[in-house]
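Got a structure for you, written out below as structure tokens; questions coming shortly.
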There are 2 protein chains.
Amino acid sequence: MIRRTQAERTDETTTALVRAARALFGAAGYAATSIDAVAAAAGVTKGAAYHHFGGKAPLLRAAFEAELGEVSAKLVGIAASGADQGSALRLGARTFLQHCLDPGFARIVMVDAPAVLGWEVVRAAEHHHLLSVIEAGFVMATGDERLAATRARLVFGALCEAGMMLARSADPAADLPLLTAETDRLVEALKAAPGDRD
Amino acid sequence: MIRRTQAERTDETTTALVRAARALFGAAGYAATSIDAVAAAAGVTKGAAYHHFGGKAPLLRAAFEAELGEVSAKLVGIAASGADQGSALRLGARTFLQHCLDPGFARIVMVDAPAVLGWEVVRAAEHHHLLSVIEAGFVMATGDERLAATRARLVFGALCEAGMMLARSADPAADLPLLTAETDRLVEALKAAPGDRD
DNA sequence: CCATGATTCATACTGTCGGTACGTATCTGC
DNA sequence: GCAGATACGTACCGACAGTATGAATCATGG
């Protein structure tokens with residue numbers, strides 16, 4: 001074997017493991033996928049997986065973060081494109097929905113991760129990667145932090161539901177237009193609505 | 001032991017098992033709860049559980065349906081109370097959110113059930129028990145079946161998100177008013193919005 | 001009322017899998 | 001080039017889902 005640094009070895013192994021985890025967890029689900037299977041698909045053994053991740057749940061977490069990271073990268077690209085607040089929000093929602101066309105993404109991010117990692121952990125990560133964008137839009141529209149946070153979460157819940165419908169749709173291409181239109185409408189409705197005191 | 005009919009024996013055992021499953025699955029989660037623990041809490045052994053349910057997942061399904069059944073019963077009560085469409089919808093949403101104050105309900109219905117039973121199974125059951133009410137309201141408001149179905153799902157997604165926020169809130173009583181107000185606003189916005197062709 | 005069959009349930013067992021312990025190979029810094 | 005650290009493979013353990021298998025308990029036709 002050629003000589004590699006420890007950093008390179010670690011990077012190659014963890015990358016292969018995360019790639020395998022995304023593929024297997026996404027296809028068969030977390031519970032139905034053994035660590036041995038993930039390690040084998042990555043070309044290593046369980047020992048490597050436990051050395052780098054420490055368990056099965058952290059492996060899912062890594063796969064989960066990788067999925068979110070991809071969407072997040074596209075979102076910051078949109079934000080950097082200089083589009084106005086409104087169209088950036090619409091584009092962001094559409095980007096998220098398109099990712100949901102991949103059943104593996106939907107399964108890992110919206111089905112298995114909350115059950116395995118816990119709802120709060122998942123929502124914290126999602127807030128960091130995705131929700132903060134939506135929330136910023138609502139803060140600007142309403143001027144109320146708490147109200148904006150609440151509305152962003154509600155919108156995000158609707159987006160996830162739309163994403164799952166897409167992921168399980170027999171003809172996703174046919175459903176995408178209606179779903180994007182309706183989620184857009186929902187966002188607009190909440191941005192326009194007044195923020196009364198509670 | 002006193003003499004009982006088979007039907008009575010079955011009923012007592014299954015009832016006890018479902019009760020124990022709701023308590024344990026709701027508190028510790030599905031993955032962290034063994035069948036032996038559920039059976040022991042019900043005063044029987046694994047054999048009885050497998051005889052009546054056939055596995056661990058069907059046990060969760062029974063607990064899940066029991067949780068939904070309770071909400072559903074309240075919803076038909078509201079529907080039968082003769083309230084108008086609008087206030088019935090608001091009352092229904094509030095009823096659902098109040099159930100979410102029980103962390104066991106939230107965990108079983110919105111976190112574990114989708115991962116274990118599959119998203120489609122869960123949403124089919126939820127449609128049967130809860131969603132059909134919301135959908136009927138939107139059909140009446142928009143006149144479009146497909147549009148109404150889509151909007152009902154989006155609203156339901158937002159409701160679930162609100163429910164999880166409540167379930168994990170440090171001070172649920174303080175969050176309930178804002179969340180009910182905002183979900184109501186969301187429903188109103190979508191009912192009022194026009195249904196354009198896609 | 002009893003004998004035969006069906007149902008309910010407990011007990012003992014097996015296989016799988018997550019996790020751990022430990023040994024070996026590979027790399028780093030002195 | 002040689003201690004110490006890091007990466008990884010292998011052998012093992014315990015927990016637990018699922019499967020017989022048999023013993024009670026109940027139903028039913030004679």
Side-chain angles (χ1 to χ4, degrees), chain A residues 1-25 27-64 108 112-113 115-118, chain B residues 1-25 27-64 108 112-113 115-118:
Chain A
M1 196 54 105
I2 60 167
R3 183 176 181 87
R4 295 170 302 172
T5 68
Q6 297 282 57
E8 282 167 351
R9 287 179 75 188
T10 296
D11 185 61
E12 285 171 23
T13 307
T14 55
T15 300
L17 278 170
V18 170
R19 179 200 306 276
R22 289 173 72 177
L24 296 188
F25 288 157
Y30 178 81
T33 305
S34 71
I35 295 203
D36 285 302
V38 173
V44 293
T45 65
K46 222 164 48 164
Y50 274 92
H51 177 70
H52 288 293
F53 294 94
K56 194 182 180 185
L59 236 182
L60 177 70
R61 174 158 191 142
F64 168 69
I108 291 175
D112 279 338
V116 176
L117 309 176
Chain B
M1 198 52 108
I2 59 166
R3 184 174 182 87
R4 295 168 304 170
T5 68
Q6 296 282 58
E8 281 168 352
R9 287 179 73 190
T10 296
D11 185 61
E12 283 171 24
T13 309
T14 55
T15 300
L17 279 169
V18 170
R19 177 198 308 274
R22 289 173 72 176
L24 297 187
F25 288 157
Y30 177 81
T33 305
S34 71
I35 295 205
D36 285 303
V38 174
V44 293
T45 65
K46 223 166 41 166
Y50 274 93
H51 177 72
H52 288 293
F53 293 95
K56 194 182 179 185
L59 235 183
L60 177 69
R61 172 158 192 141
F64 167 69
I108 291 176
D112 279 338
V116 176
L117 310 177

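The sequence lines fix the lettering, A, B, ..., with proteins before strands; numbering per chain opens at 1. Hydrogens, waters and symmetry mates play no part in the numbers below; they use all other heavy atoms, side chains included.
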| message | I need the CD-C1' distance between B:Glu8 and D:dA27, as an integer number of Å. | response | 14 Å

| message | In this structure, how many angstroms lie between the P atom of C:dA21 and the OH atom of A:Tyr50, rounded? | response |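 So the OH-P distance, A:Tyr50 to C:dA21, works out to 13 Å.
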
| query | Any donor and acceptor pair, going by atom type alone, linking the side chain of A:Asp112 with main-chain N or O of A:Gly29 inside 3.5 Å? | reply | no

| remark: The reported gap from OG1 in B:Thr33 to CG in B:Leu60 (rounded to nearest 0.5 angstrom) is 10.0 Å

| note | In whole angstroms, the gap separating P of C:dG18 from CG of A:Leu60 amounts to 12 Å

Which protein N or O atoms sit under 3.5 Å from an N or O of nucleotides 5-9 of chain D?
from	atom 1	to	atom 2	distance (Å)
D:dA7	OP1	A:Thr10	OG1	2.5
D:dA7	OP2	A:His51	NE2	2.8
D:dC8	OP1	A:Thr13	OG1	2.5
D:dC8	OP2	A:Thr13	OG1	3.3
D:dC8	OP2	A:His52	NE2	2.2
D:dG9	OP2	A:Thr45	N	2.9
D:dG9	OP2	A:Thr45	OG1	2.5
D:dG9	O5'	A:Thr45	OG1	3.2

| query | Do you know which two heavy atoms are closest between B:Lys56 and B:Phe25, and how far apart they sit? | reply | CE-CE2, 4.2 Å

| What integer distance in Å separates B:Asp36:CG from C:dC9:P? |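 Value for this atom pair: 16 Å.
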
| message | Suppose the criterion is side-chain hydrogen bond (donor to acceptor under 3.5 Å, both in side chains): which pairs have a residue in residues 14-24 of chain A, not counting sequence neighbours? | response |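 Output for this query lists A:Arg22-A:Glu67, A:Arg22-A:Glu70.
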
| Gap between atom CZ of B:Arg4 and atom CG of B:Asp11 - 0.5 Å precision |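 Nearest 0.5 Å value for the CG-CZ distance: 10.5 Å.
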
| task | Would you kindly give the CD1-to-P distance between B:Ile35 and D:dA17, to the nearest whole Å? | result |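 About 5 Å, once rounded to whole Å.
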
| query | Are B:Val18 and B:Phe53 close enough that some pair of their side-chain heavy atoms sits under 4.5 Å apart? | reply | yes

| field | Whole-Å distance separating the NZ atom of B:Lys56 from the P atom of C:dT16 | value | 19 Å

| query | Rounding to a whole Å, what distance do you find between B:Phe25:CZ and D:dC16:P? | reply |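 Spelled out: CZ on B:Phe25 to P on D:dC16 is 13 Å.
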
